[in-house]
Amino acid sequence: MPTILVTGSSGYIGSHTLLELFDSRMNVICIDNGSNSYNKRVYKHIGKIAGKSRISRYSLNLSTDKKELDEIFDTHAIDYCIHFAALKSVGESIDEPLLYYQNNLLSTLNLLECFKKYDCKGMIFSSSATVYSPNQQMPLTEESKVGMDLSNPYARTKYFVEEILKDYCKANPIFKCIILRYFNPIGSHSSRTLDENPKGIPQNLMPNILQVLNGDDEEQVFNIYGNDYNTPDGTCIRDYIHVEDVANAHAKAIHKLTRMNETDSNCITYNIGTGKGTSVLEIITTLEKCTNKKLNYEFKPRRQGDLGVVYCDNKKAMKELLWKPKYTIEDALSNYK
Ligand code: WQD
């Protein structure tokens with residue numbers, strides 16, 4: 001059984017992916033510096049759900065702790081890596097671009113140096129729909145334009161890492177890389193112990209909605225950023241996908257990595273989304289129905305950098321990864337009962 005290193009393992013998508021890997025009896029080594037997640041608590045829940053008394057895990061900063069990272073590769077014969085670890089707040093990246101370039105780029109470069117030194121076979125990179133250039137025809141395919149006119153440094157770090165990986169794969173043809181571009185993950189494991197729970201002020205839709213929906217402060221109101229977009233109800237449309245479907249895509253991608261041969265390109269990109277768009281208001285009305293709760297909300301001006309409509313064509317991932325999203329929006333939102 002291959003040994004998989006998972007960076008960012010206690011994050012929202014990383015933790016759900018660990019459950020998939022444990023399910024497939026993979027030998028997993030975890031790294032997370034806890035900068036955006038609650039390591040101890042998450043590993044405890046994962047261990048309980050997966051029935052694992054012990055999870056091999058390290059806490060280090062991939063962008064600065066090169067010696068410690070090398071020791072992990074020297075200790076464990078790592079075959080593949082799933083690289084989730086990154087700073088991911090769009091707003092914070094605009095205020096702190098250097099922090100984002102140093103962290104997100106250096107962590108990947110340090111990993112690639114270890115892959116080369118220790119002959120790792122391949123990696124899966126956690127990329128994002130934000131690498132797509134704005135104002136393109138929907139649905140976005142893997143061939144849609146990327147990298148140009150991106151609205152924030154976070155998105156640019158994801159695009160730059162994709163380009164670094166393509167160059168690395170060209171120079172190292174036996175190394176295999178799969179890039180997964182996530183659209184909008186929502187929902188959580190039925191235990192409700194792995195909800196998206198970032199440290200600091202959340203930016204994403206669901207953590208903000210849940211803060212108001214489940215908050216004690218009756219006065220608190222959820223802000224919908226813009227209701228004057230060119231969409232049926234005026235609010236933004238996104239491709240929301242259950243996080244467990246995203247996690248399953250990683251298990252399918254690892255399976256593909258171990259079977260990629262010379263005829264395949266050694267760096268392949270896939271959209272991970274449902275292929276359907278849902279508006280903010282549709283999310284809210286569906287959530288209210290699923291939870292039988294009422295959300296206090298009001299419309300605010302548009303948020304800088306937001307696009308009106310973003311959703312993907314996921315046929316390539318379904319065909320080549322033998323992956324298919326199995327949960328609906330209602331399934332994901334019913335998790336929040
Ligand atoms: C979705 C919609 C907002 C919050 C995301 C992540 C980004 C990256 C790519 C991983 C938008 C609206 C939100 C709120 C709102 N993820 N909204 N009120 O913008 O598609 O980007 O995907 O790489 O980190 O942010 O997702 O969840 O921020 O917003 O009205 O309080 O919800 O305007 O239309 P987005 P989001």
Side-chain angles (χ1 to χ4, degrees), residues 8 11-14 16-17 36-37 83-94 100 103-104 125-134 138 140 146 150-162 179-187 195-213 215 220-241 243 246 249 271-274 277-287 295-312 329 332-333:
Y12 175 46
I13 302 174
H16 285 87
T17 301
N36 194 30
S37 53
H83 181 30
F84 291 107
L87 295 175
K88 60 157 274 188
S89 162
V90 169
E92 184 185 64
S93 78
I94 291 167
Y100 273 68
N103 186 78
N104 292 1
F125 175 59
S126 161
S127 191
S128 159
T130 50
V131 302
Y132 286 109
S133 299
M138 294 295 144
L140 292 168
V146 293
L150 301 183
S151 66
N152 61 84
Y154 160 76
R156 248 183 297 283
T157 66
K158 289 295 185 181
Y159 168 67
F160 289 162
V161 169
E162 286 195 8
I179 294 169
L180 299 180
R181 289 177 182 157
Y182 314 145
F183 280 70
N184 292 67
I186 58 169
D195 280 12
E196 186 177 12
N197 183 17
K199 285 186 174 172
I201 303 166
Q203 307 250 327
N204 293 124
L205 179 72
M206 284 317 302
N208 282 351
I209 285 183
L210 294 172
Q211 232 172 29
V212 176
L213 191 77
Q220 213 184 357
V221 173
F222 172 73
N223 296 326
I224 298 180
Y225 298 134
N227 66 331
D228 57 350
Y229 286 95
N230 183 17
T231 60
D233 63 21
T235 63
C236 288
I237 287 175
R238 291 290 182 274
D239 187 331
Y240 296 98
I241 177 165
V243 67
V246 177
N271 283 337
I272 300 302
T274 62
T278 305
S279 77
V280 175
L281 268 179
E282 285 169 328
I283 288 282
I284 292 173
T285 44
T286 308
L287 181 68
L295 178 76
N296 282 336
Y297 64 81
E298 62 187 30
F299 295 111
K300 293 285 183 186
R302 294 182 176 193
R303 181 174 69 173
Q304 185 202 359
D306 272 346
L307 302 175
V309 182
V310 181
Y311 65 95
C312 78
I329 295 280
L333 296 175

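Just so you know, ligand 1 is whichever comes first in the structure, and atom 1 is the first atom listed for that ligand.
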Next item on the list: Measure across V161 and N104 and return the closest heavy-atom pair with its distance rounded to 0.1 Å.
Entry: CG2-O, 3.8 Å
Notebook entry, point to check: Passes side-chain hydrogen bond (donor to acceptor under 3.5 Å, both in side chains), Y182 versus S126? Steps please.
Noted result: CA-CA 7 Å; Y182 314 145; S126 161; 3.2 Å; yes
Check: Regarding T274 and D239, is there a side-chain donor-to-acceptor distance under 3.5 Å anywhere?
Finding: yes
Item checked: Intermediate values then yes/no, side-chain hydrogen bond (donor to acceptor under 3.5 Å, both in side chains), N204 and Y12 -> CA-CA 12 Å; N204 293 124; Y12 175 46; over 6 Å; no
Note to self: My understanding is that only residues two or more places apart in sequence, or in another chain, count here; which of them pass ring-ring contact (aromatic ring centres under 6.0 Å, His included) with Y159?
What the structure shows: none
Check: Name the residues with a heavy atom less than 4.0 Å from ligand 1?
Finding: K88, V90, S128, T130, Y154, N184, Q203, N204, L205, N208, F222, N223, I224, Y225, C236, R238, Y240, V280, R303, D306
Margin query: Within a 6.0 Å radius of atom CD on Q220, are there more than 12 heavy atoms belonging to other residues, nucleotides or ligands?
Written below: yes
